[in-house]
Amino acid sequence: MFAPRAKGERRYWLIKSEPDVFSFDDLMQAPQRTTCWDSIRNSGARNFLRDGMKVGDRCFYYHSNAEPSAIAGVCEVVREGYPDHTAFDPSHEYYDEKSDPAMPTWFMVDVKAVAAFKTLVTLPQIKADPALAEMALLRVSRLSVVPVTADEWAHVCALGGVKV
DNA sequence: GCCAACGTTGGC
DNA sequence: GCCAACGTTGGC
């Protein structure tokens, strides 16, 4: 499903969160500026979490359902694909009785904040930018983890005022 | 708050 | 295996 990597190759992703639930600032203020990216219950996003994302990959942190919806900063994968334990916890909001700990359905990664954008890169701005017209964010609807190309990565970082 | 776009579920 | 009903995401 995922092409083998060249040695040392870094890939890029975009992860979505509603800032009312967990914002980029929340991540910056978390212990070690790190959190587990749990509770994803969509099989497409799960495949990226389980198989696609590797330690050292970088992610845009996108605020969905926000005013404005925008990319707020950059984070890094610090632990790759492991079972999402919230699926096994009957008291958890996203408990999934069908997920068997011996063969888990859902996976998560840990991400660490790297840098906040100096200026938000908003959804309208992304839509209006010809260089970003092919972003998976725009083409694949309602997926909470999507890939980003190296060109898109560099372009958005420049817009955000971050050198990464 | 509305609703379009999808993914998932379940009856048949 | 088809497909209608339902649930969720997320822009507007």
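Excluded from the calculations below are hydrogen atoms, water molecules and symmetry mates; all remaining heavy atoms, backbone and side chain alike, are included.
An OP1 or OP2 oxygen of C:dC12 is reached within less than 4.0 angstrom by a side-chain nitrogen or oxygen of A:Lys127. Phosphate proximity of C:dG10 to A:Lys16: present, with a side-chain N or O under 4.0 Å from OP1 or OP2. A close approach under 4.0 Å does occur between a side-chain nitrogen or oxygen of A:Ser43 and OP1 or OP2 of B:dT8.
We find that CG of A:Asp96 is positioned 16 Å from P of C:dG7, with the value rounded to whole Å. Rounded to an integer number of Å, the gap from CD1 of A:Ile40 to P of B:dT8 is 14 Å. Counting to the nearest Å, the P atom of C:dG10 and the CG atom of A:Leu143 are 8 Å from each other. Spacing between atom NE2 of A:His63 and atom P of C:dT9 amounts to 17 Å, rounded to whole angstrom units. Distance A:Leu14 CG to C:dT9 P: 16 Å, rounded to the nearest Å. Nucleotide C:dG10 holds its C1' atom 19 Å from the CZ atom of A:Arg41, rounded to whole Å. Across the protein-nucleic acid pair, A:Ile15 atom CD1 and C:dG10 atom C1' stand 17 Å apart, rounded to whole Å. The interatomic distance linking A:Arg139 (CZ) with C:dG10 (P) rounds to 16 Å, in whole Å.
A donor atom on one side chain and an acceptor atom on the other are found under 3.5 Å apart for A:His155 and A:Asp129. Judged purely by distance below 3.5 Å, without hydrogens or angles, the side chains of A:Asp25 and A:Ser23 never pair a donor atom with an acceptor atom. A:Thr149 and A:Asp151 share no donor-acceptor pair across their side chains, judged by distance under 3.5 Å alone.
Backbone-only engagement by A:Tyr62 is indicated by non-hydrogen atom pairs under 4.0 Å involving sugar-phosphate atoms exclusively.
Annotation: of the two residues near DNA chain B, A:Lys98 and A:Asn65, the 5′-most nearest-nucleotide partner is A:Asn65.
Annotation: cation-pi geometry satisfied between A:Arg79 and A:Tyr82 (NZ/CZ under 6.0 angstrom from ring centroid, within 45° of ring axis).
In this structure, the nucleotide among B:dG7, C:dC12, B:dA4 sitting nearest to the side chain of A:Asn42 is B:dG7.
Classified by interplanar angle (parallel below 30°, tilted 30° to 60°, perpendicular above 60°), the ring pair A:Phe117/A:Phe60 is perpendicular.
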